[in-house]
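Here's the structure we're looking at; comments come further down.
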Amino acid sequence: MKQSLNGSWTLLNACSGESMQATVPGSIMNAYLEAGLAADPFYRDNEYKAYELFRDDFIYSRTFYAKTSLTGKDSLELVCEGIDTLGEITLNGRMIASCDNMHRTYRIGIKGILREGVNDISVRIKSPVEYIEKAWREKGPVWGVCARDGYQFIRKAHYMFGWDWGPAIADGGIWRDIYIEAHDFASIADVYVSQVHSAGKVVLEVRPAIRKYTECDASVIVNVYGPDGTLCNSGNCPADGKVSMEIPKPRLWWPAGHGAQPLYVVEARLLADGCETDVKSYETGLRTLKIAREDDGWGQSFAFEINGVRIFAKGANYIPEDSILARCSPERTKNLVMHAVSANFNTLRVWGGGIYPPDCFFETCDRLGIIVWQDFMFACAQYVLDDPGFVDSIRAEIRDNIRRLRHHASIALWCGNNEMEWLWVDSQTEGRSQGQKDEYLRLFEGIIPGIAKAED
């Protein structure tokens with residue numbers, strides 16, 4: 001059971017006292033523009049005024065009504081799919097969470113805090129500009145290409161502090177869905193779908209992960225539906241177990257220009273003490289995909305090999321579609337991917353200085369045959385790993401996004417970062433310490449690959 005908290009909120013500038021209505025999901029900059037309280041940041045040098053706005057703190061607030069059918073559930077969680085970035089969340093006068101990472105999902109237990117009837121919620125967004133400047137004074141200098149020193153100390157899209165292709169608008173807010181999720185007995189936390197291919201045969205291995213809230217007997221019915229919607233196979237899986245599902249007459253997924261993009265639906269239905277308590281479904285394509293690396297006259301080859309066929313990858317670099325994310329939409333994203341296919345692209349590379357795109361981006365790539373090279377969100381900087389909380393936040397970010405995206409047929413490659421390894425082999429490495437290099441190796445050859453191997 002879900003209750004959305006999207007919609008109209010009150011947005012208060014905690015420093016100036018300015019107040020306005022703001023749409024959630026959305027952003028502070030967009031709310032200011034819609035209220036006529038800010039000039040177009042893309043005109044002349046207005047971006048400098050926009051950047052200074054984010055020295056202030058802002059407070060989102062609203063009231064909402066909760067019914068007994070919600071508050072009486074065994075589990076109650078506030079789910080924030082995107083808080084940008086430094087947030088303090090208060091429910092009914094009690095601070096329930098602090099957030100420090102734009103790129104992850106927060107799940108916050110609110111049993112005993114949410115009440116039947118009227119509830120008050122607020123989210124304080126603290127200044128990212130003041131934060132990075134303080135971090136730079138305390139921990140800098142370290143290398144980075146952005147004109148605003150300190151961007152590498154915050155898990156926020158780096159382009160928001162200015163890049164060669166766009167302005168510095170250090171926007172913030174509740175930028176993705178926010179809702180209350182309630183369950184009795186147990187729920188499905190995640191489903192990991194992997195594939196085993198052999199001659200003319202594909203077996204899906206399905207591993208559901210279950211959260212239990214009470215003592216109960218839990219099992220999962222797994223159904224696989226073909227591209228035409230007919231049931232291909234069905235099986236029963238114990239909680240936190242695995243079930244193997246052979247697909248009769250499998251139809252393979254191909255990139256655009258190389259074949260069709262048939263998609264299968266894997267559905268998991270959770271039974272707790274005989275009652276259905278949760279359902280999740282995932283759309284995926286059947287394909288093998290590897291990177292062909294063979295010695296050649298120049299070093300080694302690097303080619304996508306799909307279903308045993310090497311393809312010529314052709315496409316573009318995908319950056320955020322607007323510097324103000326609130327102005328993006330599923331329709332705009334789908335239209336962009338359709339244009340990419342019309343231009344005879346078969347590949348898009350998601351750049352590491354931006355965001356992990358929304359689900360609709362990958363769903364459209366699945367359906368149209370676009371291969372996705374997915375960077376993790378690290379770009380052109382040294383990262384200091386002396387704060388265990390910062391490292392834990394990175395771990396959660398990587399895990400959240402791999403689990404969200406790994407079932408997509410379009411995902412071809414997880415890439416650690418954008419344009420950073422050259423730092424250690426270029427002449428500019430003079431003055432870099434061995435300790436700084438060790439931190440690079442720890443993050444990009446240790447932590448991130450370790451999580452990727454475990455999760456996908």
### Message
Please determine whether side chain to side chain contact (heavy atoms under 4.5 Å, CB included) holds for the pair R367 and V337, giving the CA-CA distance in whole Å, both sets of side-chain angles, and the decisive distance to 0.1 Å.
### Response
CA-CA 10 Å; R367 290 165 189 163; V337 178; over 6 Å; no
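- Side chains of R404 and N401: a donor on one and an acceptor on the other come within 3.5 Å.
- At least one donor-acceptor pair under 3.5 Å links the side chain of D375 to the backbone N or O of G352.
- Heavy-atom minimum distance, A256 versus N346: O-CB, 3.9 Å.
- A salt bridge does not link K134 to E130: none of the charged side-chain nitrogens sits closer than 4.0 Å to a carboxylate oxygen.
- The backbone N or O of C237 lies less than 3.5 Å from no partner atom in the side chain of S219, so there is not a single donor-acceptor pair.
- Between S8 and Q21, the side chains place a donor N or O and an acceptor N or O closer than 3.5 Å (distance only, hydrogens not considered).
- With R287 contributing its side chain and A409 its backbone, the two residues share a donor-acceptor pair below 3.5 Å.
- Aromatic ring pairs are classed by plane angle as parallel below 30°, tilted from 30° to 60° and perpendicular above 60°; the pair W163 and H158 is parallel.
- The backbone N or O of I398 lies less than 3.5 Å from no partner atom in the side chain of R395, so there is not a single donor-acceptor pair.
- In this structure a side-chain-to-backbone donor-acceptor pair under 3.5 Å is present from T364 to C360.
- Applying the 6.0 Å contact sphere to CD of E215 captures no more than 12 heavy atoms from other residues, nucleotides or ligands.
- Heavy-atom neighbours of M338 CE from other residues, nucleotides or ligands within 6.0 Å: at or below the threshold of 12.
- Contact annotation: the side chain of I125 approaches that of I83 to within less than 4.5 Å [non-hydrogen atoms, C-beta and beyond].
- N233 places a side-chain N or O within 3.5 Å of a backbone atom of E246 that can act as its donor or acceptor partner.
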### Task
Take I394 and Y383, measure what side chain to side chain contact (heavy atoms under 4.5 Å, CB included) needs, and give me the verdict at the end.
CA-CA 11 Å; I394 289 172; Y383 296 90; 5.9 Å; no
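- Checking Q3, E81, E77 one by one against Y179, the side-chain hydrogen bond (donor to acceptor under 3.5 Å, both in side chains) holds for a single residue, E81.
- A distance-only check finds no donor-acceptor pair linking the side chain of Q382 to the backbone of C380 [under 3.5 Å].
- A distance of 9.0 Å separates CH2 in W351 from CD in E419, rounded to the nearest 0.5 Å.
- Checked by atom type and distance alone, the side chain of Q261 pairs as donor or acceptor with a backbone atom of W254 at under 3.5 Å.
- Put simply, CG on L5 and OG1 on T63 are 10.5 Å apart, with the number rounded to the nearest 0.5 Å.
- For the pair D171 and R327, the salt-bridge criterion is not met [side-chain N within less than 4.0 Å of a carboxylate O].
- Counting all heavy atoms, side chain and backbone alike, I370 lies closest to W253 at O-CH2, 4.2 Å.
- For the pair D184 (side chain) and D74 (backbone), a donor-acceptor distance under 3.5 Å is present.
- Looking at heavy atoms from C-beta onward, F361 lies out of side-chain contact with L336 at the 4.5 angstrom threshold.
- More than 12 heavy atoms of other residues, nucleotides or ligands shown are found within 6.0 angstrom of NZ on K212.
- Salt-bridge check for R155 with D100: failed, with every basic side-chain N at 4.0 Å or more from each acidic carboxylate O.
- Under the salt bridge (charged side-chain N to carboxylate O under 4.0 Å, His left out) rule, E181 has a single partner from R211, R107, K73, K111, which is R107.
- Between F376 and W414, the ring planes are parallel. Angles under 30° get that label, and only those over 60° would be called perpendicular.
- For T105 and R176, the side-chain atoms include no donor-acceptor pair closer than 3.5 Å.
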### Task
Show your reasoning for whether side chain to side chain contact (heavy atoms under 4.5 Å, CB included) applies to R406 and I411.
CA-CA 7 Å; R406 63 190 174 188; I411 288 277; over 6 Å; no
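- With no hydrogens or angles considered, no side-chain donor-acceptor pair links S127 and D57 at under 3.5 Å.
- Summarising the geometry, atom NE2 belonging to H407 is positioned 13.0 Å from atom OH belonging to Y192; distances are rounded to the nearest 0.5 Å.
- Residues E52 and R55 are paired through a salt bridge, judged by an N-O separation under 4.0 Å between the basic side chain and the carboxylate.
- Nearest approach of L76 to L114, heavy atoms of both residues: CD1-CD2, 4.0 Å.
- Between the CD1 atom of I121 and the OG1 atom of T90 there is a distance of 8.5 Å, given to the nearest 0.5 Å.
- For the atom pair OH (Y106) and SG (C99), the distance works out to 5.0 Å, reported to the nearest 0.5 Å.
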### Task
Could you please spell out the steps behind the salt bridge (Lys or Arg N to Asp or Glu O under 4.0 Å) verdict for K2 and D177?
CA-CA 12 Å; K2 286 185 181 180; D177 290 343; over 6 Å; no
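- Here the shortest heavy-atom pairing between L286 and Q195 reads CA-OE1, 3.5 Å.
- Under a cut-off of 6.0 angstrom, the local environment of CG in D217 is sparse, with at most 12 non-hydrogen atoms contributed by other residues, nucleotides or ligands.
- A donor-acceptor distance shorter than 3.5 angstrom exists from the side chain of N92 to the backbone of I113, with no hydrogens or angles considered.
- Between the CG atom of D149 and the CD atom of E133 there is a distance of 9.0 Å, given to the nearest 0.5 Å.
- The two residues L86 and P128 come nearest to each other via the heavy atoms CD1-CA, 4.3 Å.
- Surrounding NZ of K290 are at most 12 heavy atoms belonging to other residues, nucleotides or ligands under 6.0 Å away.
- When all heavy atoms of C232 and Y264 are compared, the closest pair comes out as SG-CE2, 4.0 Å.
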### D400 vs Y356, side chain to side chain contact (heavy atoms under 4.5 Å, CB included): CA-CA, chis, key distance, verdict
CA-CA 11 Å; D400 282 356; Y356 301 92; over 6 Å; no
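- For the residue pair Y440/E421, the side-chain donor-acceptor check at 3.5 Å is satisfied.
- Side-chain atoms of V384 and F390, non-hydrogen and from C-beta on, never get closer than 4.5 Å to each other.
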